[in-house]
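To start, the structure itself, in structure tokens.
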Amino acid sequence: MKRYLRLCFAIFCCLLIAACGQNEAKPSELVPQKKPAPVTNEVKPPVQLGTDMNPETLQIPVLMYHSINTNVKNNLITPPNEFDTQMKWLSDNGYYTLTLAELAPLLEIGKNVPDKPVVITFDDGYQDNYTNAYPILKKYGLKATIFVITDKIAKNNHFDEAALKEMSAYGIEMESHTVHHYELNRLSYEAQLKELQYSKAFLERFTGKKVNSICYPVGRYNEDTVRAAEATGYTMGFTTEVGKANKKDGMYTLPRVRMVPGMSMESAVK
């Protein structure tokens with residue numbers, strides 16, 4: 001019996017040693033790792049949106065509208081159907097509508113000038129700019145600028161703050177047409193400075209966007225006006241003098257193309 005037990009114990013030990021040998025940890029095999037590919041910062045050429053042009057000879061039409069209304073009682077009012085036809089012509093013929101923020105550097109340095117550039121501006125901030133012009137601009141995907149008389153907002157047939165904010169959020173620029181629409185050349189330098197400062201500050205605070213341009217009421221200005229515009233931080237000033245915008249006219253005395261009833265867009269931009 002004892003012999004039998006010794007034999008069983010011996011067999012058990014042999015089995016135990018064999019199992020331990022099989023479970024003994026093997027040194028891990030080193031798997032060769034691939035080296036990561038070197039990271040290269042590819043430098044892509046800048047996107048060329050347009051053509052580089054000589055700013056001394058570059059001329060860009062800045063269209064001047066006022067009211068868009070069916071009650072055409074003077075040459076400051078363009079009928080909505082006529083305005084629609086004009087905007088459709090711009091769209092169909094591949095014109096690129098600039099904001100004034102885009103216009104300033106183009107006039108200064110002439111880099112990346114888009115093909116067929118044009119600027120659409122409205123003076124005063126009439127209610128029909130919102131009810132009539134704004135839907136047509138959206139219809140054709142065009143940009144524009146409104147020169148706002150800040151003291152007349154929501155008064156005397158001018159659009160209110162809600163309309164101003166909506167159009168600004170869409171991308172219509174709200175630029176300065178002063179606070180009270182006084183003839184600036186009749187004011188002292190200090191009074192002009194206040195008109196330009198207060199209107200600029202109001203629009204920037206209300207829209208949250210920088211105001212870069214001033215349109216002189218009735219096109220009246222003098223040397224003090226130009227000094228005040230520059231001192232207040234404007235980059236451009238617009239008159240009612242006729243012509244296309246060019247830096248040689250002076251960045252604070254830029255002309256525009258007056259749009260009157262019956263005028264074709266083709267004649268305005270050529």
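Just so it is clear, the values below take in all heavy atoms, side chains as well, and ignore hydrogens, waters and symmetry mates.
Here the shortest heavy-atom pairing between Tyr216 and Tyr252 reads OH-O, 2.7 Å. Across all non-hydrogen atoms, the minimal contact from Ala101 to Asn212 is CB-ND2, 3.9 Å. For the pair Ala228 and Tyr189, the tightest heavy-atom approach, listed with the atom from each and the gap, is N-CE1, 3.6 Å. The nearest pair of heavy atoms linking Ala104 to Thr235 is CB-OG1, 4.2 Å. Closest of all the heavy-atom pairs between Ser176 and Ile214 is OG-CD1, 3.2 Å. The minimum heavy-atom distance linking Ser213 with Glu175 is given by the pair N-OE1, 2.6 Å.
Between Tyr182 and His180, the two ring planes are parallel [angle under 30°; tilted spans 30° to 60°].
Between Pro261 and Asn75 the shortest side-chain heavy-atom distance falls below 4.5 Å. Looking at Pro114 and Leu106, their side chains come closer than 4.5 Å, going by heavy atoms from C-beta outward. Between Leu90 and Met265, the closest side-chain pair of non-hydrogen atoms falls below 4.5 Å. Side-chain contact between Pro255 and Asp249 is present, with at least one heavy-atom pair separated by less than 4.5 Å. The side-chain heavy atoms of Val257 and Val242, taken from C-beta on, include no pair separated by under 4.5 Å. Considering only heavy atoms from C-beta on, Gln86 comes within 4.5 Å of Met259 through its side chain. Residues Ile77 and His66 are not in side-chain contact: their nearest non-hydrogen atoms beyond the backbone lie 4.5 Å or more apart. Between Ile68 and Pro80 there is a side-chain heavy-atom pair separated by less than 4.5 Å.
Partners of Lys143 by salt bridge (charged side-chain N to carboxylate O under 4.0 Å, His left out), not counting sequence neighbours, listed by chain and number: Glu102.
The distance from the CG atom of Leu98 to the OH atom of Tyr96 is 6.5 Å, given to the nearest 0.5 Å. Taking CE of Met167 as the reference point, atom OG1 of Thr207 lies at 12.0 Å (rounded to 0.5 Å). For the atom pair CG (Asn246) and CE (Met251), the distance works out to 10.0 Å, reported to the nearest 0.5 Å. From Arg186, atom CZ reaches atom CZ of Arg220 across 7.0 Å, with rounding to the nearest 0.5 Å. Rounding to the nearest 0.5 Å gives a distance of 12.0 Å between CG of Leu196 and CD of Glu230. With rounding to the nearest 0.5 Å, the separation of NE2 in His177 from CZ in Phe147 is 8.5 Å.
A salt bridge does not link Lys270 with Glu266: none of the charged nitrogens is closer than 4.0 Å to a carboxylate oxygen.
The only member of Val62, Leu137, Thr145 that meets side-chain contact (heavy atoms from CB on, under 4.5 Å) when paired with Ile120 is Leu137. Partner Phe122 forms a side-chain contact (heavy atoms from CB on, under 4.5 Å) with one of Ile146, Val148, Leu63 and no other, that one being Ile146.
Distance alone, capped at 3.5 Å, is enough to place a donor-acceptor pair between the Gln192 side chain and the Leu184 backbone. Between the side chain of Asn93 and the backbone N or O of Tyr95 there is no donor-acceptor pair closer than 3.5 Å.
With hydrophobic clusters built from ILVMFWY side chains whose heavy atoms lie under 4.5 angstrom apart, Tyr65 does not share a cluster with Ile149. Val269 is connected to Leu142 through a chain of hydrophobic side-chain contacts under 4.5 Å among Ile, Leu, Val, Met, Phe, Trp and Tyr, so both are in one cluster. Side-chain heavy atoms closer than 4.5 Å link hydrophobic residues (I, L, V, M, F, W, Y) into clusters, and following such links, even through other members, never connects Leu187 to Val218. Ile136 and Tyr170 fall within a single hydrophobic cluster, where Ile, Leu, Val, Met, Phe, Trp and Tyr are joined by side-chain heavy atoms under 4.5 Å apart, directly or via other members. Residue Met87 is not grouped with residue Tyr126 when hydrophobic side chains (ILVMFWY) are merged at heavy-atom distances under 4.5 angstrom, including chains of intermediate members.
Side-chain contact, Asp128 with Thr131: no donor N or O sits under 3.5 Å from an acceptor N or O. Gln197 and Thr232 share no side-chain donor-acceptor pair at under 3.5 Å.
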| query | Run the side-chain contact (heavy atoms from CB on, under 4.5 Å) check on Ile153 and His158 step by step: do they pass? | reply | CA-CA 6 Å; Ile153 294 172; His158 291 70; 6.0 Å; no
| query | Passes salt bridge (charged side-chain N to carboxylate O under 4.0 Å, His left out), Glu204 versus Lys200? Steps please. | reply | CA-CA 6 Å; Glu204 289 182 340; Lys200 186 176 193 294; 2.8 Å; yes
| query | After noting the C-alpha distance and the side-chain angles of Tyr140 and Asp92, does the key distance pass the side-chain hydrogen bond (donor to acceptor under 3.5 Å, both in side chains) rule? | reply | CA-CA 9 Å; Tyr140 296 108; Asp92 290 347; over 6 Å; no
| request: Run the numbers on Val118 and Lys116 for side-chain contact (heavy atoms from CB on, under 4.5 Å), then give the verdict. | output: CA-CA 7 Å; Val118 66; Lys116 298 182 180 180; over 6 Å; no
| task | Go through the steps for Leu164 and Tyr130 under the test side-chain contact (heavy atoms from CB on, under 4.5 Å), then give the verdict. | result | CA-CA 8 Å; Leu164 187 154; Tyr130 175 67; over 6 Å; no
| request: Mind running side-chain contact (heavy atoms from CB on, under 4.5 Å) on Leu76 and Arg258 for me, showing each step along the way? | output: CA-CA 9 Å; Leu76 299 181; Arg258 182 185 291 271; 3.5 Å; yes
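Within a 6.0 Å radius of NZ in Lys138, more than 12 heavy atoms belonging to other residues, nucleotides or ligands are found.
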